[in-house]
Amino acid sequence: MLEIRDLHATVEGKEILRGIDLAVKVGEVHAIMGPNGSGKSTLAQVLAGHPAYVVTKGEVLYQGKNLLELQPEERAQRGIFLAFQYPVEIPGVSNSYFLKAALNAVRKAQGLEELDAIDFLELVKDKVKLVELPEALLHRPVNEGFSGGEKKRNEIFQLAVLEPRLAILDETDSGLDIDALRIVSQGVNRLRRPGNSVLVVTHYQRLLNYIVPDCVHVLVNGRIVRSGSKELALELEEKGYDGIADEGDETVAEAAQGEARVV
Amino acid sequence: MRDEPRARNDTDAVAKYLSAFESVGKGSWQDAPAWLADLRQNAIRAFAESGFPGRKDEEWRHTNLTPLLQAPFVPLVNGVTDAVAESQIEALAIPELWKNRLVFVNGSYRPALSSIAGQGDGITVGGLASVAADGQPLLEQHLARLADPGANPLAALNTAFAQDGTFVHIAEGASLEEPIYLLYLTSTLEDGGATHPRNLVVLSPHARVSVLEHYVSACAAAHFTNGVTELVVADGASLEHVRVQDECLLAFHVSATHGSLGRTANLVSYNLSFGARFARNDVSVALTGENALCTLNGVYLGTGERRIDNHTSIDHVEPACESHELYRGILGGKSRGVFRGRILVRPNAQKTDAKQTNNCLILSDEAVIDTMPQLEIFANDVKCTHGATVGELDEEAVFYLQARGIARPDARGMLTHAFASEVLSRLSNEAARSFLETRLKTILPQKTGV
């Protein structure tokens with residue numbers, strides 16, 4: 001599904017990603033964990049194609065094709081979905097109008113017939129229940145005046161409607177109370193299909209109690225310093241990022257300390 | 001001291017208007033009462049003295065009138081039959097508002113095309129000329145009181161040349177649920193025709209109504225519309241006034257809207273400038289009773305080499321009045337816009353709450369907006385804020401839409417539309433709102449830039 005090789009990326013001239021290697025197979029759930037500022041969100045934004053992030057080296061293959069040469073909308077049309085850490089407010093555009101336009105753009109690109117207003121409403125009715133999103137929010141401008149939890153639910157609601165092949169969840173758990181976390185994760189789990197993959201970017205282990213990963217990667221200072229099974233997340237919870245780093249090689253320990261100083 | 005002859009480049013243009021008044025203007029309104037004939041005579045005299053406003057007039061120095069002066073605009077003498085007008089109207093009017101309408105073609109009132117449901121019961125709606133001929137006392141009491149021909153040469157021209165217009169009176173406590181729809185259609189094949197529509201809306205205490213003026217052209221000719229509307233809103237009365245200027249892109253359009261609000265009166269004004277090659281709109285409101293509330297909304301669109309100037313003035317005369325102002329512009333191509341927002345708070349107007357916002361979206365490198373807030377505050381216990389933003393689309397929002405599969409040009413188009421639509425969404429009438437939203441979609445590029 002996704003193969004990242006020696007990926008380097010900068011933002012405003014500052015190198016954030018310093019050689020990432022990662023492979024996510026069809027049907028797998030991978031978690032990227034790491035301290036603040038380690039590059040987790042940068043990786044998510046690079047995969048979605050944010051223009052502020054410049055790839056300076058390396059390559060990303062998605063379904064065997066070069067992802068980096070595609071515009072953000074082309075990536076979305078081919079099944080990549082980024083659930084934003086900070087969903088953007090869009091005054092003047094209603095949530096349902098926006099989502100219908102998005103869904104039809106994706107369907108059109110995939111050679112499917114566009115949905116009319118009635119079919120779209122039918123589809124949306126089921127999906128709002130999945131994340132317990134109040135229906136009234138459909139008619140409000142996108143994310144405007146939504147609470148933090150509502151914004152995150154709205155992201156997962158969009159995910160449910162767009163049914164991507166590769167979902168990237170960027171700190172979807174941040175700012176959620178335990179009930180909202182459960183609702184959001186259950187939503188994600190119900191959307192899992194054998195043909196789809198999920199990349200979960202998170203600071204904390206608790207989300208992974210609900211969305212159980214096949215693989216956990218620890219990202220420190222722009223590099224993956226350890227990869228392992230879901231137990232690695234528990235180890236992290238216990239020892240902290242410094243503890244994990246100490247067991248690795250020297251550069252990793254330095255990197256972690258450097259990071260600690262920055263924080 | 002010797003009188004310096006006034007340096008003017010408008011002598012020829014002024015002479016043309018003066019001679020047009022002798023040949024055409026004077027002749028209209030034959031049944032007009034004496035006071036009205038005097039008013040018109042005085043107005044043309046005032047214009048003859050002042051000429052067109054120039055660079056030295058503070059109110060006008062940002063508006064270059066040269067293109068208007070170069071073209072000899074003479075009052076249109078109607079050559080359009082009602083049958084032709086009717087077929088043109090169908091393509092241009094807001095169908096849902098058809099129940100209560102007055103139709104004007106090339107400046108003259110067409111009773112056969114007009115119909116007002118619910119007349120009587122304190123509701124009077126009609127053509128200004130016939131109302132004047134009937135001796136309606138409110139006309140003499142209010143006409144040209146707010147729009148002073150001595151203060152605004154263009155308003156003076158309107159006063160002198162107006163062939164007709166709309167008179168609305170809502171009696172004390174009366175109200176009309178359906179909006180009053182006023183359609184001003186210009187239909188001419190030749191360049192150089194002018195109309196000077198003149199409207200007076202009087203709301204007695206606690207009256208309530210919504211009035212929508214819609215200016216359209218069923219032609220592509222360089223015509224000139226010079227409209228004046230006076231709004232008298234008495235104590236406790238409530239008026240929604242919508243002015244939609246959607247004329248062809250060769251048209252010149254000048255408008256002055258003057259309002260006066262009594263105690264606890266409420267005025268919500270929409271000034272939507274969609275068309276015309278040259279547009280200059282003045283909206284002036286005086287808050288003359290305590291606790292009056294005035295909301296001025298505006299949308300202006302510029303493309304190509306068009307020019308759109310909006311000048312607003314809110315005069316807080318009495319204490320504890322509120323004014324809210326939101327104007328939004330979208331300028332592309334080489335278009336130019338001016339927004340000048342004056343707020344005057346007089347010494348007596350304590351507890352004034354005034355808020356002014358002008359946001360302008362610039363879609364090209366060559367489009368220009370000059371935005372000028374002008375606050376003159378002579379009271380000490382007031383809340384007055386103003387804010388202006390000039391900018392491009394929010395790139396984070398563009399990316400968010402792209403990340404959901406919406407192509408970049410479509411995403412930009414969607415955000416551009418939303419920027420204006422936020423103002424339109426405040427309109428009370430659903431049908432008018434949806435018509436104007438659709439119109440906005442047609443006018444604005446669906447796909448914008450790169």
Side-chain angles (χ1 to χ4, degrees), chain A residues 44-53 70-95 97-110 112 114 139-144 151 154-155 157-159 161-164 168 170, chain B residues 270 272 297-299 301 326-330 357 359-361 363 387 389 391-427 430 433-434 436-441 444 446-450:
Chain A
Q45 297 277 353
V46 166
L47 293 176
H50 194 292
Y53 300 86
L70 299 178
Q71 294 298 315
E73 59 265 35
E74 293 173 314
R75 301 179 192 199
Q77 289 161 6
R78 285 167 207 213
I80 289 185
F81 180 94
L82 169 65
F84 281 60
Q85 182 180 4
Y86 303 110
V88 181
E89 296 191 3
I90 306 186
V93 178
S94 88
N95 217 5
Y97 178 80
F98 151 69
L99 195 52
K100 181 164 168 275
L103 178 65
N104 280 333
V106 171
R107 288 180 66 94
K108 200 175 162 193
Q110 294 177 349
L112 299 169
E114 294 183 35
H139 309 294
R140 295 245 305 268
V142 181
N143 293 323
E144 195 184 45
K151 283 182 183 171
N154 197 31
E155 292 293 289
F157 164 62
Q158 292 171 29
L159 185 151
V161 172
L162 296 173
E163 297 185 322
I168 304 162
D170 187 5
Chain B
Y270 292 84
L272 311 176
N297 298 307
V299 172
L301 310 177
L326 174 64
Y327 268 65
R328 286 201 166 172
I330 300 172
T357 310
N359 309 122
C360 189
L361 191 56
L363 297 177
T389 62
E392 297 167 17
L393 290 169
D394 174 6
E395 276 301 325
E396 290 303 320
V398 176
F399 174 66
Y400 188 75
L401 297 180
Q402 281 183 277
R404 295 292 175 258
I406 299 167
R408 185 172 171 83
D410 297 329
R412 288 178 56 94
M414 203 182 274
L415 293 172
T416 305
H417 180 263
F419 180 77
S421 154
E422 271 195 282
V423 179
L424 294 186
S425 69
R426 303 166 167 213
L427 274 164
E430 172 65 39
R433 184 166 67 224
S434 126
L436 294 169
E437 285 270 6
T438 307
R439 188 67 195 124
L440 194 64
K441 276 197 179 120
L444 283 174
Q446 295 297 296
K447 300 171 189 291
T448 316
V450 275

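Each chain gets a letter, A, B and so on, in the order its sequence line appears, and its residues count up from 1. Side chains are part of it too, since the values below use all heavy atoms of this structure and drop only hydrogens, waters and symmetry mates.
Of all heavy-atom pairs spanning A:Glu73 and B:Arg408, the tightest one is OE2-N, 3.0 Å. Between A:Pro51 and B:Phe399, the shortest heavy-atom distance links the atoms CD-CD1, 3.9 Å. Pairing each heavy atom of B:Ala403 with each of A:Ala76, the nearest pair is O-CB, 3.3 Å. In terms of heavy atoms, B:Ala418 sits closest to A:Val93 at CB-CG2, 3.4 Å.
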Between B:Glu396 and A:His50, does the side chain to side chain contact (heavy atoms under 4.5 Å, CB included) criterion hold? Intermediate values first, please. CA-CA 9 Å; B:Glu396 290 303 320; A:His50 194 292; 3.0 Å; yes
Tabulate below the donor-acceptor pairs under 3.5 Å that side-chain atoms of residues 84-92 of chain A make, not counting sequence neighbours, or state none.
residue, atom, partner, partner atom, Å
A:Gln85, OE1, A:Ser41, OG, 3.0
A:Glu89, OE2, A:Lys151, NZ, 3.1

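The side-chain hydrogen bond (donor to acceptor under 3.5 Å, both in side chains) check on A:Gln77 picks up nothing, with sequence neighbours excluded.
For A:Glu74, no part lies under 4.5 angstrom from a heavy atom of chain B. Neither the backbone nor the side chain of B:Ser425 comes within less than 4.5 Å of any heavy atom of chain A.
The pair B:Arg404-A:Glu155 counts as a salt bridge, with a side-chain nitrogen and a carboxylate oxygen less than 4.0 angstrom apart.
Within a 6.0 Å sphere centred on CD of B:Glu392, other residues, nucleotides and ligands contribute 12 heavy atoms or fewer.
Within the model, atoms CE of B:Met414 and OH of A:Tyr97 stand 5.0 Å from one another, a figure rounded to the nearest 0.5 Å.
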